[in-house]
Amino acid sequence: TQLLEQSPQFLSIQEGENLTVYCNSSSVFSSLQWYRQEPGEGPVLLVTVVTGGEVKKLKRLTFQFGDARKDSSLHITAAQPGDTGLYLCAGEETSYDKVIFGPGTSLSVIP
Amino acid sequence: DSGVTQTPKHLITATGQRVTLRCSPRSGDLSVYWYQQSLDQGLQFLIQYYNGEERAKGNILERFSAQQFPDLHSELNLSSLELGDSALYFCASSGLAGLYNEQFFGPGTRLTVL
């Protein structure tokens with residue numbers, strides 16, 4: 001079974017700062033998704049990356065899939081309090097359509 | 001609103017009891033996933049169904065079972081409940097199997113076992 005690691009586990013920053021969170025695995029994924037979860041609610045899909053080296057932008061969020069499709073990063077520019085939440089990455093195993101989730105990065109943006 | 005509905009939203013019960021959680025997927029989605037999320041364990045995959053058939057199994061205890069019905073709604077049955085089963089239980093659905101399996105999550109059921 002492939003495992004996903006995320007770092008950092010916790011991140012607390014001031015409004016307006018930039019940040020990057022990472023999602024890593026020793027195995028290759030056919031696709032990788034990023035979700036954001038607010039306390040007590042279900043995760044919400046932000047983006048799916050499929051091609052090695054792919055970069056996708058969603059307003060102030062930039063997602064990158066590693067060239068070898070083993071890792072991904074999420075960069076947030078000028079963080080806002082509304083970005084606060086748990087950021088989860090999820091990789092789709094190449095063998096079949098099972099998706100595994102990382103443990104998440106808990107982000108707190110202080111006004 | 002993801003289009004996935006879960007009932008009940010909250011459930012409080014005692015140890016040893018049995019409960020059933022219900023999930024209705026987004027219209028047209030054939031896959032349903034069940035997850036357990038607790039503070040110390042993160043989001044744990046339990047089981048996946050695709051068009052009524054079990055597709056993948058994760059860390060699901062033998063005391064737990066699930067099924068997906070012909071109308072595609074799903075139920076997760078938890079029996080002989082223990083204190084440690086207290087958690088948020090999420091259902092998610094996705095569209096075509098074999099593609100990217102982007103999942104759409106319901107609002108969850110918060111289970112408290114006393």
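- Note on B:L81: it clusters hydrophobically with B:W34, by side-chain heavy-atom contacts below 4.5 Å among ILVMFWY residues.
- At most 12 heavy atoms of other shown residues, nucleotides or ligands fall within 6.0 angstrom of atom CZ in B:R110.
- Following chains of ILVMFWY side-chain contacts shorter than 4.5 Å, one can reach A:I76 starting from A:V47, so the two form part of one hydrophobic cluster.
- Looking at B:Q37, the atoms closer than 4.5 Å to chain A (heavy atoms on both sides) all sit in the side chain, from C-beta outward.
- Both the backbone and the side chain of A:P43 come within less than 4.5 Å of a heavy atom of chain B.
- A:L88 touches chain B through its side chain: at least one heavy atom from C-beta onward sits under 4.5 Å away, while N, CA, C and O do not.
- Contact detail for B:F90 and A:E41: the closest heavy-atom pair is CZ-O, 3.3 Å.
- Enclosure of atom CD in A:E15 by more than 12 non-hydrogen atoms of other residues, nucleotides or ligands within 6.0 angstrom is indicated.
- Contact tally against chain A (heavy-atom pairs below 4.5 Å) for B:V4, B:L88, B:L43: the top residue is B:L43.
- A continuous path of hydrophobic side-chain contacts links A:Y87 to A:L19 [ILVMFWY only; heavy atoms under 4.5 Å].
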Task: Residues B:Q103, A:F101; criterion side-chain contact (heavy atoms from CB on, under 4.5 Å); working and verdict - done: CA-CA 11 Å; B:Q103 296 182 32; A:F101 279 80; 4.3 Å; yes
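- For B:E54, the CD atom sits in a packed shell: over 12 heavy atoms of surrounding residues, nucleotides or ligands are nearer than 6.0 Å.
- Ranked by non-hydrogen atom pairs under 4.5 Å with chain B, the options A:L45, A:V44, A:L86 are led by A:L45.
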